[in-house]
Enquirer: 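Below you will find the structure I want to go over with you.
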Amino acid sequence: MRKTIKVILGGIPLIFLPQIVGAAESGSVDTGTTSWMLISTALVLLMVPGLAMFYGGLVRTKNVLGTMMHSFVSMAIIGVLWVVCGYSLTFGESIWGGLIGWNSDYFFLQGIDDAISDGVPEYVLAMFQGKFAIITPALISGALAERVYFRGYSLFIILWFLFIYSPLCHWVWASDGWLFNAGAAGVIDLAGGLVIHVSAGISALVVALFLGPRRGYPKSAMSPNNLVMTMMGAGLLWVGWFGFNAGSTVQSGLDTARALTMTQVSAASGALTWLIIESIMFRKSTALGLVSGILAGLVVITPAAGVVKPVGAITLGALSSIACYYALVAKGKLGYDDSLDCFGIHGIGSGLGVVLLPFFIRESWMADASAAIGKAWTTWDQLLVQLTGMGATIALSAIVSLIICVVVEKTVGFRLDEEQEVAGLDYSLHGERGYGMLTSDH
Amino acid sequence: MRKTIKVILGGIPLIFLPQIVGAAESGSVDTGTTSWMLISTALVLLMVPGLAMFYGGLVRTKNVLGTMMHSFVSMAIIGVLWVVCGYSLTFGESIWGGLIGWNSDYFFLQGIDDAISDGVPEYVLAMFQGKFAIITPALISGALAERVYFRGYSLFIILWFLFIYSPLCHWVWASDGWLFNAGAAGVIDLAGGLVIHVSAGISALVVALFLGPRRGYPKSAMSPNNLVMTMMGAGLLWVGWFGFNAGSTVQSGLDTARALTMTQVSAASGALTWLIIESIMFRKSTALGLVSGILAGLVVITPAAGVVKPVGAITLGALSSIACYYALVAKGKLGYDDSLDCFGIHGIGSGLGVVLLPFFIRESWMADASAAIGKAWTTWDQLLVQLTGMGATIALSAIVSLIICVVVEKTVGFRLDEEQEVAGLDYSLHGERGYGMLTSDH
Amino acid sequence: MRKTIKVILGGIPLIFLPQIVGAAESGSVDTGTTSWMLISTALVLLMVPGLAMFYGGLVRTKNVLGTMMHSFVSMAIIGVLWVVCGYSLTFGESIWGGLIGWNSDYFFLQGIDDAISDGVPEYVLAMFQGKFAIITPALISGALAERVYFRGYSLFIILWFLFIYSPLCHWVWASDGWLFNAGAAGVIDLAGGLVIHVSAGISALVVALFLGPRRGYPKSAMSPNNLVMTMMGAGLLWVGWFGFNAGSTVQSGLDTARALTMTQVSAASGALTWLIIESIMFRKSTALGLVSGILAGLVVITPAAGVVKPVGAITLGALSSIACYYALVAKGKLGYDDSLDCFGIHGIGSGLGVVLLPFFIRESWMADASAAIGKAWTTWDQLLVQLTGMGATIALSAIVSLIICVVVEKTVGFRLDEEQEVAGLDYSLHGERGYGMLTSDH
Amino acid sequence: MKKIEAIIKPFKLDDVKEALNEIGIKGMTISEVKGYGRQKGHKEIYRGAEYVVDFIPKTKIEIVIDSESVDEVVDAILQSANTNKIGDGKIFVLPVEEVIRVRTGEKGKDAI
Amino acid sequence: MKKIEAIIKPFKLDDVKEALNEIGIKGMTISEVKGYGRQKGHKEIYRGAEYVVDFIPKTKIEIVIDSESVDEVVDAILQSANTNKIGDGKIFVLPVEEVIRVRTGEKGKDAI
Amino acid sequence: MKKIEAIIKPFKLDDVKEALNEIGIKGMTISEVKGYGRQKGHKEIYRGAEYVVDFIPKTKIEIVIDSESVDEVVDAILQSANTNKIGDGKIFVLPVEEVIRVRTGEKGKDAI
Ligand SMILES: Nc1ncnc2c1ncn2[C@@H]1O[C@H](COP(=O)(O)OP(=O)(O)O)[C@@H](O)[C@H]1O
Ligand SMILES: Nc1ncnc2c1ncn2[C@@H]1O[C@H](COP(=O)(O)OP(=O)(O)O)[C@@H](O)[C@H]1O
Ligand SMILES: Nc1ncnc2c1ncn2[C@@H]1O[C@H](COP(=O)(O)OP(=O)(O)O)[C@@H](O)[C@H]1O
C-alpha cells in the first residue's frame with residue numbers, strides 16, 4: 001500500500017514526512033490527514049460546477065447549458081469509468097513496458113475495501129485522484145465550445161481518458177512510472193501541471209485546429225452571455241484549487257501548508273498582474289481579465305506549489321499572466337478558435353510553471369535530491385527532467401488527440417452541422433433553454 | 001455521552017471502530033474526527049442554498065424568490081427550533097413508550113456545553129444533526145411549489161418537524177429508538193433514506209394531492225426560469241452530499257472513506273444512466289436529466305453508503321435512475337402535481353435504496369450481525385427489518401402530513417388564492433422580483 | 001512562535017487548551033487541527049465570491065460586474081500586499097510604541113517556511129489571517145457602490161489596509177497589542193467584530209458621507225438586478241462564516257464546536273427575527289430581509305462566538321436584527337447613501353455584539369479571568385474593556401478613513417464623473433457587460 | 001391590411017393565443033413590455049422601505065391581418081383577455097401598407 | 001388618433017415619464033430595445049481584444065393619444081429626453097385607426 | 001415616410017445589418033420578440049416529457065425611412081434574411097407621419 005502514497009506525492013517525494021505527529025503506521029488511520037483528504041476530494045469536486053459556470057458564462061446564450069453539460073457529463077462518464085478501470089490503468093503496476101498500469105485489485109476498486117495507506121484509507125486517495133481524472137477532459141471543452149455533438153464529445157472524453165490521461169498519469173505519478181523516476185527525484189509535478197493542464201492545453205489546441213472555428217468566428221462578436229456567472233465560477237475554482245494543490249501533498253502538514261500558501265499567493269499575483277497589463281493596454285481593466293489572471297496564477301503554480309517559496313510563487317503568478325495574456329493576443333492574430341482559451345491559459349500557464357519551477361526550488365529540496373543521488377543535483381539537471389516530461393506530454397497529447405479526433409469524426413460525428421450550430425446546442429442537442437425568463441411568466 | 005455517537009452511527013454500528021488511531025476516550029478531543037465533523041456540518045449547510053438554487057431554477061420567474069425562500073426559511077425556523085427542543089425530541093431518551101425523545105439537558109442545548117462524545121464535542125454532533133432537520137422539510141417544498149402562502153408553509157414545516165421528523169428520527173437514530181434496535185443490528189439507514197428522503201417524499205405526495213395542481217397544470221408548459229441555476233445548485237448538492245453521507249459515519253476513517261466513495265460512484269452511475277435512458281427515448285439527453293440522475297444516485301445511496309461496495313453502488317445508482325425516470329413519466333399520466341418531483345425522486349429513489357440495500361451488503365457486516373445475534377442473519381432477515389422501517393415511515397408520514405395539511409389550511413391558510421398565484425409568489429407574498437434586469441438601468 | 005497562536009486566539013485566551021488530545025508540542029504537526037485550519041482558510045476564501053454575489057445582486061444591472069470586482073480585486077491587491085508586508089505589520093512585534101507591528105522574518109513570509117505553531121504550520125495561520133485582511137476592505141465596497149473609479153477604489157483599499165486594518169489588527173490580535181492586553185484577559189473579539197466589521201462599518205459611513213449619494217438617490221428606485229444571486233451569495237457567506245468564526249479558535253476542539261454552534265444559532269435567530277419584524281410592518285416578509293437577518297445574526301456573533309452560550313447567541317441574533325432593521329429605516333430618513341448598508345449591518349450589528357457580549361459570557365470564562373487577575377472580574381469591568389476597544393476602533397476608522405478619502409479624491413480621483421456613473425461602471429470602467437442575454441444569440 | 005397591437009396581462013397570453021387560433025389566425029409576434037396606466041404599480045419592499053414600481057409587466061401581441069378580419073380579431077382578444085380588472089390592457093389598430101414574406105417574396109394577403 | 005414612438009436613452013426614462021405626467025399623459029408602454037445609429041457603439045474588451053458592440057441599449061416608449069395632443073407630447077419628450085449628445089434618439093408619429101380598452105370594450109378617445 | 005418592421009431569424013441580424021449598411025441605411029432599432037407562425041415550435045424535454053414551445057425567438061428590426069427608399073430596403077432585407085426555410089419571417093410597411101430627432105428637434109427627412 002505504500003506505493004499509492006508515494007505515487008501521489010509525485011512532486012514532493014523527498015520532504016520530511018517524519019515531522020508529522022500521528023502519521024500512522026500502515027493499517028491504522030490518521031484521522032486528521034484523512035479529514036483533509038476527504039475535504040480535498042470534496043473541494044476538487046466543487047471545481048466541476050465551478051468550471052461549468054466559468055465556461056458556461058463565456059459562451060452565447062444558446063449554448064450555455066450545452067457548455068455546462070460538457071463539464072457535468074465528465075462527472076458521469078469518467079466518474080464511472082474511473083471506478084471500473086481508471087484507477088487500475090493509472091496506479092496499477094506498469095505493464096507493456098511501462099506504457100500504462102494495471103492491477104486487477106483495482107478493477108471496480110474491489111481489492112481496496114480495507115486498505116489503508118500511510119494513515120489514509122485508500123478509497124479516499126482513489127476518489128481524490130478520480131476527481132482529477134474527471135476535471136481534466138472537462139478543461140478541453142473550452143476549446144471545442146459551441147460546435148460539437150454531445151455524443152461526439154462523450155466519445156472523445158472516453159478515448160482521451162483511456163489513451164492520454166491514463167498513460168500520462170501513470171508515467172508521472174505511479175511509483176513505477178518512468179517520469180516519476182526520472183533524474184534524482186523524478187519530474188516535479190505536484191498537482192498536474194503536465195498530467196492535467198499541459199495535456200489538456202495541447203489537446204485543446206489540436207482539437208481547435210481539427211474542428212475549425214465556430215461559424216462566424218472571428219467576424220461576429222461572440223459575447224459572453226453571463227460574465228457574472230463566470231466570476232462566480234472563478235471564485236469556486238479558486239476555492240476548489242486549495243483542495244487540488246494542497247490535497248495533492250496527501251498530508252495535513254507542513255507541505256500542505258506550503259502548497260496552500262503558494263497557491264493563494266500565485267493566484268493573487270496572477271490576478272494583479274493581469275489587471276496591470278490591461279490597464280496599461282486599454283486604460284481599463286476587466287472582470288474577465290481579473291479572473292483570467294486568477295486562473296493563470298493557479299495553473300502555473302499547480303506543478304510547483306510543493307517546492308517553491310512565496311517570492312517564487314509571486315513571480316511565477318506574474319509571469320504566467322504575462323505569458324497567457326500574450327498567448328491570447330497571439331491567438332487573435334493566428335486565427336484559430338480555441339474558444340475559451342484552454343490552450344492559452346492552461347497549456348501556456350502551466351507549461352511555464354513546469355519549466356520555470358527549477359529556478360525557484362526550495363534549497364532543502366535540492367539538497368535532498370543531491371543526497372538521494374549521491375552527487376550535486378543542479379537546477380539545470382532538474383530542468384532537463386522537466387523538459388523531458390514536457391516533451392513526452394506534448395508528444396503524447398498532440399498525436400493521440402489528433403487520432404481521437406479523426407476517429408470520433410468518422411464514427412459518431414464530432415463537428416456539429418451548420419443548422420444545429422446556428423440554433424445552438426441547448427435547443428438542438430438537449431431540447432432545453434438555459435434561461436426561460438422572457439416568457440416564463442405567461 | 002456514548003449514546004449520541006452510537007445513535008448517529010445508526011447505519012453502521014458494527015464496524016471496527018478500534019481500527020482508528022487516536023480515537024479519543026470520552027472526554028478528550030480527537031482533532032481529526034472533529035475537523036471532519038465540523039466541515040461536514042458546513043457541507044450540509046451548503047446544501048440549503050444548493051437546494052434553493054436547484055428548486056429555484058425550476059419554477060417560473062415570478063416564483064423564483066418565493067421558492068428559494070422555502071429552503072432558506074427552514075434555516076431560520078428549524079434552525080431555531082432545533083436548538084430549543086429539536087435535539088431533545090430526537091436524541092433525548094425515549095418517552096411515551098418510545099414515541100419520541102426528551103432530555104432536559106438538551107433544551108436550548110444547555111447541558112452539552114462541555115460534552116465530548118467519542119472524541120467529538122457534542123455541540124458539533126448536535127449541529128450536524130440540526131442541518132439534517134433543516135434540509136428535510138425544505139425538500140418537501142418541491143411538491144408545493146408556486147402555490148402556497150408563505151405563512152402556511154412556515155406553519156407546515158414547524159408541525160412537520162415536530163410531528164413527523166422528530167419521532168421518526170428518534171425511532172431510527174436514537175440509541176433507544178425501536179427501529180434502531182430492530183433485528184440483529186437495527187434498520188440500516190446511514191444518512192436518512194427513511195428519516196429524510198422517504199419521509200419527505202411521502203409527505204410531498206400527500207401535500208401535492210391535498211393542494212391540487214397549480215392553475216394551468218398540466219395544460220400550460222411551466223418552463224424552468226433558469227436551468228443554469230438548477231445545474232449550479234445540483235453541483236453544490238453533490239458536494240454537500242459528501243458531508244451528508246460521509247459525515248454520518250461520525251468518524252474520519254475507513255467507514256467515512258467508504259461512504260464517500262459509494263456516494264460518488266452512485267451519483268455518477270445515476271447520472272450516466274439517466275442520460276442513456278433519455279438518449280434512447282428522445283435521441284437527446286438533457287441537462288435537467290443529467291442532474292436528476294445525479295440526485296437519483298445520491299438519494300438511493302444515502303441509506304446504503306455505509307454497507308455496500310462499489311459494484312453495489314453503481315448498480316443502485318443505475319436502478320434508481322431507471323425507477324425515478326419511470327416515476328416521473330407515471331406522474332405525467334396520473335396527473336397529480338408534485339411540481340418539482342420530491343416524491344418521484346426522493347421518495348422513490350431513496351425508498352429503493354432502503355429496500356434493495358440488503359442485497360448488496362458487505363459480507364463483513366452480515367458476519368458481524370450474525371455474531372451479534374448469535375445465529376445466521378440473512379439478507380431476507382435484514383430485508384424484513386428494512387421493510388418494517390419503510391412501512392412505519394410511510395404510515396407516519398402519510399397520515400400525519402394529511403392532518404397537518406388540514407390544520408394549516410383551516411388556520412392560516414395553505415393554498416394561495418387565484419389572483420396571488422397568477423401574480424406570482426415573489427410579488428404577492430414577498431413584494432420583490434428575482435431579476436430586475438429589464439428596467440433596472442433606468 | 002507561540003506568539004502567533006496566542007495572538008490569534010484573541011477572543012478566547014483563557015480556555016482549556018490541554019483538553020485537546022494530540023495537540024502537538026511546538027515543532028510537530030497536529031494533523032487534525034491543521035486540517036481544520038486549512039479548510040477554514042478555504043471557507044473564508046469562499047466568502048469573497050459570496051460577498052461579490054451578495055453585493056453584486058443588489059446593484060443595478062449596469063454596475064453588476066464593477067461591484068463584484070470590488071470584492072474580487074481585494075483578493076488580488078490585498079492578497080499580494082499581505083504576503084509582502086501585511087503579516088508583518090499586523091503580527092510582527094510592536095514598534096512605534098505599539099502603533100503597529102513589524103517582523104522582518106515575515107517580510108514576504110520569508111522566515112516561516114518551516115515554522116510550526118502549536119501544531120499548525122504557521123503558513124496556514126498566515127493565510128487564514130490573510131483572508132480576513134482581504135475580505136474586510138471588500139465589505140466597505142457596499143457603501144461606495146455604483147459611483148467610484150476602479151483606480152480610486154484600488155488605492156482606497158491599499159491605504160485603508162495599511163493605515164486602518166493593520167494597526168487595528170495589531171492592537172486587538174497581536175500578543176503584544178494594547179487591546180489584546182487590556183483588562184484581565186483582553187478585549188474579546190473572536191473573529192473580528194472590531195477589527196473587521198466595526199472598522200469596515202464606520203469607514204463605510206465616512207465614505208458614504210464623503211462621496212455623497214448616487215445620482216438620483218433616493219428619488220429613483222434603484223432596484224436590485226438579481227436578488228436571486230444575492231440569496232446565493234448569502235448562502236455562501238453563511239457557509240464561509242463557519243470557517244471565519246470557528247476557524248478563529250485555531251483549534252479543532254471544544255471551543256471550535258462552541259464557536260460554530262453559536263454562529264449557526266445566531267444566524268438562524270437573526271433571520272427569523274427579521275422575518276417577524278417585516279411581517280409585522282408590511283404583512284409580508286422578503287427574501288432580502290431574510291438574508292439581511294442572516295447577516296445581522298452573523299456579524300453580531302462574530303466577536304462573541306467564543307464566549308457565549310446558545311441562549312445568548314439566540315438573543316444576540318434577535319437583538320441584532322432589530323437594531324439593524326431600525327438602522328436601515330433611519331438611513332432612509334437621514335438620507336445618506338450607504339448603498340448596500342455596510343454601516344447599517346456590519347457596523348451596527350457587530351458593534352452591538354462587541355458591547356453586549358459581556359452580559360452573555362460563559363461563567364467559566366469570567367472565573368478564569370478573575371483567576372488570572374487575582375480578583376473578581378465583573379461584567380462591567382469587561383464592558384469597559386469592550387467600550388475602550390470600540391472607542392479606539394471608531395476613532396481610528398473614522399479619522400483615517402476621512403483622510404484617505406481626501407487623498408484618493410485629490411490624487412487618482414474617487415467619485416466617478418456623471419456621465420460614467422450614468423453609463424454604469426461595467427461599460428465605463430471595465431468595457432464589459434454582466435449579462436449579454438438579450439442579443440447574444442445573434 | 002391592418003396591424004393589431006394588443007397590450008395584455010402576461011398570464012392571459014395562452015388564452016388569447018387559443019382564441020385567435022380558433023378564428024384561424026395562424027401568425028403573430030409577441031414581446032415583453034412594461035406598462036404604465038391606471039392600474040396601480042406594484043409595491044415593492046427593500047430593506048425596511050416600501051416603494052412603488054410604476055411599470056407593470058405586460059405582453060404585447062402584434063398581428064397583421066386583412067382589413068376585413070379586424071373586428072373578428074378584436075372581439076376574440078376582447079373576450080379572451082378580459083378579467084374585468086383595471087390593467088387588462090388596450091388594443092390598437094394601425095394601418096399597414098404592405099406585407100412581404102421573406103422566404104418567398106410573396107406580398108399582400110398571401111404573405112400573411 | 002396617433003401613436004408616438006420615442007426611442008430614448010434608458011436613464012432618461014424617469015424624466016420623460018414625469019414630463020408626460022405633467023401634461024396629463026397617464027398611459028404608456030415601454031420596452032427595451034437596442035439602437036444603431038450615429039452614436040458610436042460601445043467598445044468592449046474581451047481577453048486582450050477590443051471590439052465594438054454596434055447596438056446600444058435604448059428604451060422605446062409608445063403612447064397612443066388623441067391627434068390634437070401630438071405636438072404637446074412631442075415637445076414634452078424633446079425637452080425631457082434631450083442631453084444634447086448624439087444618440088438622444090428619435091420620435092416617430094404614426095397614425096392609429098382605432099383604440100379599444102380590453103376591460104370595457106370602450107373605443108376611441110374614451111379608451112385611452 | 002415609412003416604417004419598415006422586419007421579423008427575422010436572430011442569427012441573420014448581422015447579415016441584414018450589413019446589407020442595410022451597404023445601401024446607406026445608418027439607423028435602426030432592434031428588439032427581441034417571439035414569433036408564432038407556420039414554423040413549428042421547438043420541442044423541449046422536461047423530465048421524461050416532451051412538449052412544444054410555440055413561441056420561437058425572433059428579432060424585430062424597425063427602420064424609419066423616406067418613402068422612396070422602401071423598395072430598396074425591402075429588397076436588401078429579403079436577400080440578406082432569406083434562408084429558404086419556413087420561419088424566415090415577414091416585412092411590414094407602415095405609414096409614418098412625422099419623425100423628430102430628439103437632440104436637435106429636426107423634423108422629417110433630416111431627422112432620420
Ligand atoms: N395611452 C397609452 N398608450 C400606450 N399604451 C397604453 C396607454 N394607456 C395604457 N396603455 C397600456 O395599457 C396598459 C393597461 O392600461 P391601464 O390604464 O392600466 O388599464 P385599463 O386599460 O384597464 O384602463 C398599460 O399598462 C399600458 O401598457
Ligand atoms: N432610421 C431609423 N429608424 C429607426 N430607428 C432609428 C433610426 N435612426 C436612429 N434610430 C434610433 O435612434 C437612436 C439614436 O440615433 P442616433 O443616430 O445614434 O443619434 P441621433 O438621433 O442623436 O442622431 C438609435 O440608437 C436607434 O435606436
Ligand atoms: N400575421 C402575422 N402578424 C404578425 N407577425 C407574424 C404574422 N405571421 C407571422 N408572423 C411572424 O413571422 C414569423 C415567421 O412566420 P412563419 O409563418 O413561421 O414563417 P414564414 O413567414 O416563413 O411563412 C413568425 O414567427 C412571427 O413572428
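Keep in mind it's a predicted model, so treat the numbers as computed, not measured. Convention: sequence-line order gives letters A, B, ...; per-chain numbering from 1.
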Enquirer: For the residue pair C:L46 and A:L236, establish whether any side-chain heavy-atom pair is separated by less than 4.5 Å.
Expert: yes
Enquirer: Chain A contacts: which residues in residues 130-137 of chain C have a non-hydrogen atom closer than 4.5 Å to it?
Expert: C:K131, C:I134
Enquirer: Counting only heavy atoms closer than 4.5 Å, note whether A:L288 contacts chain C via side chain, backbone, both or neither.
Expert: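 For A:L288, heavy atoms of backbone and side chain both lie under 4.5 Å from chain C.
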Enquirer: Please flag which part of A:A246 lies under 4.5 Å from any non-hydrogen atom of chain C: side chain, backbone, both or neither.
Expert: neither
Enquirer: Quick check: does any side chain N or O of A:S35 sit under 3.5 Å from a backbone N or O of C:G32, one acting as donor and the other as acceptor?
Expert: no
Enquirer: Quick one: closest heavy-atom pair of C:L109 and A:P310, and the distance?
Expert: CB-CG, 4.0 Å
Enquirer: Using non-hydrogen atoms only, which part of C:S428 is less than 4.5 Å away from chain A: side chain, backbone, both, or neither?
Expert: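 Backbone of C:S428 only, per the 4.5 Å heavy-atom cut-off to chain A.
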Enquirer: Testing the basics here: between A:Q264 and C:M127, what is the closest heavy-atom pair and its distance to 0.1 Å?
Expert: CG-SD, 3.5 Å
Enquirer: Test the A:K284-C:Y427 pair against the cation-pi criterion, namely NZ or CZ under 6.0 angstrom from the six-membered ring centroid and within 45° of the ring axis.
Expert: yes
Enquirer: For A:T230, give me all partners under side-chain hydrogen bond (donor to acceptor under 3.5 Å, both in side chains), at least two apart in sequence or on another chain.
Expert: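 Partners of A:T230 by the side-chain hydrogen bond (donor to acceptor under 3.5 Å, both in side chains) criterion come out as none, since no residue qualifies.
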Enquirer: Please report the shortest heavy-atom distance between C:M232 and A:M232, naming the atom on each side.
Expert: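 In this case the closest contact between C:M232 and A:M232 is SD-SD, 4.3 Å.
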Enquirer: Relative to chain A, which segment of C:F150 carries a heavy atom at a distance below 4.5 Å: side chain, backbone, both, or neither?
Expert: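 Only the side chain of C:F150 comes within 4.5 Å of chain A.
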Enquirer: If every non-hydrogen atom of A:A268 is compared with every non-hydrogen atom of C:M75, which pair is closest and at what distance?
Expert: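 It is CB-O, 3.4 Å.
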Enquirer: Identify the two heavy atoms, one from C:L45 and one from A:W238, that lie closest to each other, and give their separation to 0.1 Å.
Expert: CD2-CD1, 3.4 Å
Enquirer: Mind checking what makes side-chain hydrogen bond (donor to acceptor under 3.5 Å, both in side chains) contact with C:T256, not counting sequence neighbours?
Expert: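 If we apply the side-chain hydrogen bond (donor to acceptor under 3.5 Å, both in side chains) test to C:T256, skipping adjacent residues, the hits are C:T249.
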Enquirer: Minimum heavy-atom separation for A:L272 and C:I77, please, with both atom names.
Expert: CD1-CG1, 3.8 Å
Enquirer: Considering only heavy atoms, which portion of C:L429 lies under 4.5 Å from any heavy atom of chain A: side chain, backbone, both, or neither?
Expert: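 Answer is backbone: N, CA, C or O of C:L429 sit under 4.5 Å from chain A.
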Enquirer: If the contact rule is any heavy atom under 4.5 Å from chain C, which residues of residues 289-298 of chain A qualify, in numerical order?
Expert: A:L290, A:V291, A:I294
